[in-house]
Asker: 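Following this message is one structure expressed as structure tokens.
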There are 2 protein chains.
Amino acid sequence: MSTPLINHIKQFIDLDEHEEQILLAGTQRQSVKKKEYLLKEGQVCKANYFVEKGCLRIFFIGEKGEEQTAYFAIENWWISDYASLLSQSPSSFYIQSVEASEVIVFPYAHQEALSKGIPQTERYFRILMQKAYGASQMRIKYLYSLSREEMYRHFQRQYPDFVNRIPQYMLASFLGFTPEYLSEIRKKKI
Amino acid sequence: MSTPLINHIKQFIDLDEHEEQILLAGTQRQSVKKKEYLLKEGQVCKANYFVEKGCLRIFFIGEKGEEQTAYFAIENWWISDYASLLSQSPSSFYIQSVEASEVIVFPYAHQEALSKGIPQTERYFRILMQKAYGASQMRIKYLYSLSREEMYRHFQRQYPDFVNRIPQYMLASFLGFTPEYLSEIRKKKI
DNA sequence: CGCGACGTTGATTTGCCTCAACGATTGTGG
DNA sequence: CCACAATCGTTGAGGCAAATCAACGTCGCG
């Protein structure tokens, strides 16, 4: 069996055919329409989502009602509210598709069950979480040291294709500023 | 054997006496003087640090030479540069003690070795990393939605004792603003 | 075709920074 | 244990990056 998810996992741990089947059996593929929600504020997050195709985001609602994007996930990335997932407490985020997407729903209960039968999956998720946390430490660094304009240039350099794939107001909210200011920055650049 | 580290681990996984000994055998206690460094920029991070007593911080040097604190760790917290640790690449951070501290040095090589002999340690570190990443997601949320003054009030409410334990310039840099501005905020509050 | 969502532009405002100078406190060597 | 330096904290004047607000183009979709 070769799926994007299995391929991703096998970059970090070994699985035999039988284990692959057990692992996949507990998941399900879901087609998600543009702007459809996988989680809403107040709900308890029940699954980790692996993006096979398309793009998801996690956002929250600011004081004045604006949607503030916290993270994006594209092909071969995971996305979830990991605090809500771990403690099974109500989430303060929304998870929504940015474009029509194909997602693997990986229930947390399944992850917990696998931890006994296929212990190396814990290793996979440990590495995943450590990568994510490491990236988050770097993001904190950038948030503290770069100006808003530099944030945009930096993001543009790192993900040149992605910049044109999402609405500008989402990109602006992800970078931590207003759509108007992004417009101003873009005007400057020839 | 009961040490703060073992107690912490046993909140999440089971260990028998023999396993505890193997686990501790690969670690070492280190007394760290105030302002002493455990890691400097450019070095590859080799260990995860567990704070038994005292306080550490991880910071980086900004464009104008200022020290920007990214995280603090107090009793029973872990601290490290997890990106550098995972990929064994040069760090862009410094790890330094804020006060005289007692630290358990947990080499990453030891963590890797344990993952074979005592597989449930992977589970412990997975939960640790997931908690840390979840907290990081919340921190992103606060950074995006609160003003600098609200950040301070929020932090003060959450860690009232800690506020008076560290120099104000470190707190200011952690909250993402200048010592002068923190001074101004404090003046307002009666 | 028309409406609503998205993007742009410019005028004005503001939260926070910068710089400089001055107190307060801490630590250290004589 | 004191003196004095270094570090840390405060205050105020002035400046700038980015927000706010409002108005107007434009595009995609039902």
Asker: A:Asn7: which residues meet the side chain to side chain donor-acceptor pair (under 3.5 Å) condition with it, sequence neighbours left out?
Answerer: A:Ser2
Asker: Checking side-chain hydrogen bond (donor to acceptor under 3.5 Å, both in side chains) against B:Tyr124, which of B:Gln11, B:Gln111, B:His8 comes through?
Answerer: B:His8
Asker: Could you identify which residues cluster with A:Val44, counting Ile, Leu, Val, Met, Phe, Trp and Tyr as linked when any side-chain heavy atoms lie under 4.5 Å apart, either directly or through a chain of such contacts?
Answerer: none
Asker: Listed by chain and number, what are the salt bridge (Lys or Arg N to Asp or Glu O under 4.0 Å) partners of B:Lys34, not counting sequence neighbours?
Answerer: none
Asker: Kindly confirm or rule out a cation-pi arrangement of B:Arg165 over B:Phe72, judged by NZ or CZ under 6.0 Å from the six-membered ring centre and within 45° of its axis?
Answerer: no
Asker: Under 3.5 Å, is there a donor-acceptor pair between the B:Glu41 and B:Ser92 side chains?
Answerer: no
Asker: Give a yes or no on whether a salt bridge exists between B:Lys35 and B:Glu67, defined as a side-chain N under 4.0 angstrom from a carboxylate O.
Answerer: no
Asker: At a heavy-atom distance below 4.0 Å, which nucleotide of DNA chain D is the first touched by chain B, and which is the last?
Answerer: D:dC8 to D:dG12
Asker: Search all heavy atoms of B:Leu86 against all heavy atoms of A:Lys131 and return the closest pair with its distance.
Answerer: CD2-CG, 3.1 Å
Asker: Tell me what A:Pro167 touches on the nucleic acid: a base, only sugar-phosphate, or nothing, going by heavy atoms under 4.0 Å.
Answerer: sugar-phosphate
Asker: List for me each residue that meets salt bridge (Lys or Arg N to Asp or Glu O under 4.0 Å) alongside A:Lys40, sequence neighbours excluded, and say none if there are none.
Answerer: none
Asker: Tell me the salt bridge (Lys or Arg N to Asp or Glu O under 4.0 Å) pairs involving residues 11-22 of chain B, sequence neighbours left out?
Answerer: B:Lys10-B:Glu20
Asker: Tell me the interatomic distance from A:Glu66, atom CD, to C:dA5, atom C1', rounded to whole angstroms.
Answerer: 17 Å
Asker: Show me the protein contacts with nucleotides 22-25 of chain C, counting only N or O atoms at under 3.5 Å.
Answerer:
none

Asker: Rounded to whole Å, please give me the gap between CD1 in A:Ile185 and P in C:dG7.
Answerer: 14 Å
Asker: Each nucleotide in nucleotides 10-20 of chain C should get exactly one letter: B, S or -. Can you fill that in based on protein heavy atoms under 4.0 Å?
Answerer: S-----SSBB-
Asker: Using the test salt bridge (Lys or Arg N to Asp or Glu O under 4.0 Å), find all partners of A:Glu66 that sit at least two apart in sequence or belong to another chain.
Answerer: none
Asker: Quick one: side-chain hydrogen bond (donor to acceptor under 3.5 Å, both in side chains) pairs with a partner in residues 174-183 of chain A, sequence neighbours left out?
Answerer: none
Asker: Five pairs per end, C1' atoms only: what is the angle between the end axes of the helix from C:dC1-D:dG30 to C:dC22-D:dG9, to 10 degrees?
Answerer: 40°
Asker: Restricting to salt bridge (Lys or Arg N to Asp or Glu O under 4.0 Å), what partner residues turn up for A:Glu112, sequence neighbours left out?
Answerer: B:Arg123, B:Arg126
